[in-house]
Amino acid sequence: AGALSSYNRLFQAKDNDLLLALPIPPWMIFAVRLCGLYEMSLFYLLLVWVPAEAAYARFAPHPLGGILSAVPLAGAASVLAALLGWAVALLVAKAGRHKALFTVAASLGFLALYFLGYQKSGALLNALLSAALWGGGEGLPQGGWLLLGRAACGDIPALLGLLISLVAVCAVLGKLLSGPYLRLMTTRTGGAASKMKAAPSRRVSVRRALLRRELLHLAGSPTYLLNCAMGSLGLVVLSVLALYKAGEIRLLAVQLLPPGLAGAAAAFAAALGAG
């Protein structure tokens with residue numbers, strides 16, 4: 001959620017022009033925007049973290065440290081989201097027309113890379129846990145991985161070290177953005193002004209006029225596209241994927257579903273994709 005909204009939050013907020021008209025330096029605007037991104041990252045992280053820590057409390061004597069580790073780890077998530085927003089801003093600044101569609105494509109492309117890295121890190125974590133379970137010393141976490149592991153277990157020195165590291169990373173990020181941030185935050189996604197040509201209007205029904213207005217709004221707003229249209233596009237992708245992987249899906253349905261429920265499972269999957 002932070003990755004998909006960081007570009008609009010950090011660089012294309014609607015009140016940027018108003019804030020720049022006040023005696024507020026751009027670095028302070030960026031700091032406040034980053035804090036808002038951090039709050040959202042922390043909120044979404046805690047939705048997963050708190051139930052996991054409640055289960056962890058059954059086996060650990062002091063689970064509160066694990067909850068505290070969400071504070072610096074949400075900072076890491078917000079820094080990654082800020083870097084993604086910066087990359088999208090640089091790409092959109094070089095795009096011509098249809099910047100909204102380009103923003104959506106860039107955001108989804110970077111999100112796919114993020115999930116690829118997430119899968120790789122998950123496989124690495126499983127390998128580390130297997131090595132620890134069977135007593136293998138080689139491949140056990142060292143350095144930064146060890147710091148992350150201790151912080152996730154609630155080790156106070158590790159938490160402080162991770163927090164200090166993230167503050168330093170945020171300071172470096174702010175320093176790097178101090179120059180281009182003002183230019184990127186004042187680059188509007190609407191493009192250059194175009195000449196208007198008068199043309200005779202055609203009478204249409206209220207329904208068609210409202211539909212055209214919504215389609216224009218959809219094509220001109222990256223946030224609207226991401227939040228409202230991805231389910232419809234996802235259904236097209238899932239339909240093609242279902243045809244391509246029909247054999248594997250049938251085999252999985254036979255293994256997991258009682259007889260007669262394959263149609264209900266397909267309808268549920270379609271509803272889930274649309275939602």
Side-chain angles (χ1 to χ4, degrees), residues 1-10 13 31-85 107-108 110-133 140-171 173 223 226-228 230-231 234 256 268-269 271-275:
L4 292 177
S5 64
S6 61
Y7 169 65
N8 285 327
R9 278 177 169 264
L10 294 177
V32 174
R33 300 278 189 231
L34 190 61
C35 288
L37 193 63
Y38 170 78
E39 290 175 0
M40 187 174 66
S41 300
L42 180 62
F43 171 74
Y44 282 111
L45 182 60
L46 288 177
L47 288 179
V48 181
W49 211 267
V50 172
E53 290 296 332
Y56 180 61
R58 298 171 54 195
F59 307 100
H62 303 292
L64 181 60
I67 293 289
L68 291 177
S69 63
V71 175
L73 291 178
S78 59
V79 168
L80 288 175
L83 291 173
L84 171 63
S107 299
L108 293 178
F110 282 116
L111 192 64
L113 292 177
Y114 170 79
F115 276 113
L116 181 62
Y118 177 80
Q119 288 182 344
K120 295 293 185 181
S121 62
L124 177 61
L125 180 61
N126 285 332
L128 293 175
L129 290 175
S130 298
L133 179 64
L140 287 178
Q142 301 293 332
W145 286 102
L146 190 60
L147 178 67
L148 282 174
R150 286 180 173 174
C153 293
D155 184 67
I156 298 301
L159 283 172
L160 291 177
L162 187 60
L163 188 61
I164 292 172
S165 302
L166 285 171
V167 170
V169 169
C170 289
L173 181 63
T223 305
L226 287 169
N227 288 338
C228 302
M230 297 319 298
L256 298 180
F268 175 77
L272 185 64

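Contact record, L37 with A81: CD2-CB, 3.9 Å, taken as the closest heavy-atom pair. For the pair L45 and A74, the tightest heavy-atom approach, listed with the atom from each and the gap, is CD2-N, 3.7 Å. Of all the heavy atoms in C170 and L34, the pair that sits closest is SG-CD2, 4.2 Å.
Among residues two or more places apart in sequence or in another chain, the side-chain contact (heavy atoms from CB on, under 4.5 Å) test is passed with L173 by F30, A82, L83, W86, L177.
Separating the CG atom in L80 from the OG atom in S41 is a distance of 9.0 Å, to the nearest 0.5 Å.
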Residues 154-161, side-chain donor-acceptor partners within the protein, below 3.5 Å, at least two apart:
| residue | atom | partner | partner atom | Å |
| --- | --- | --- | --- | --- |
| D155 | OD2 | A158 | N | 3.1 |

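Listed by first then second residue, pairs satisfying salt bridge (charged side-chain N to carboxylate O under 4.0 Å, His left out) with a partner in residues 31-43 read D15-R33, not counting sequence neighbours.
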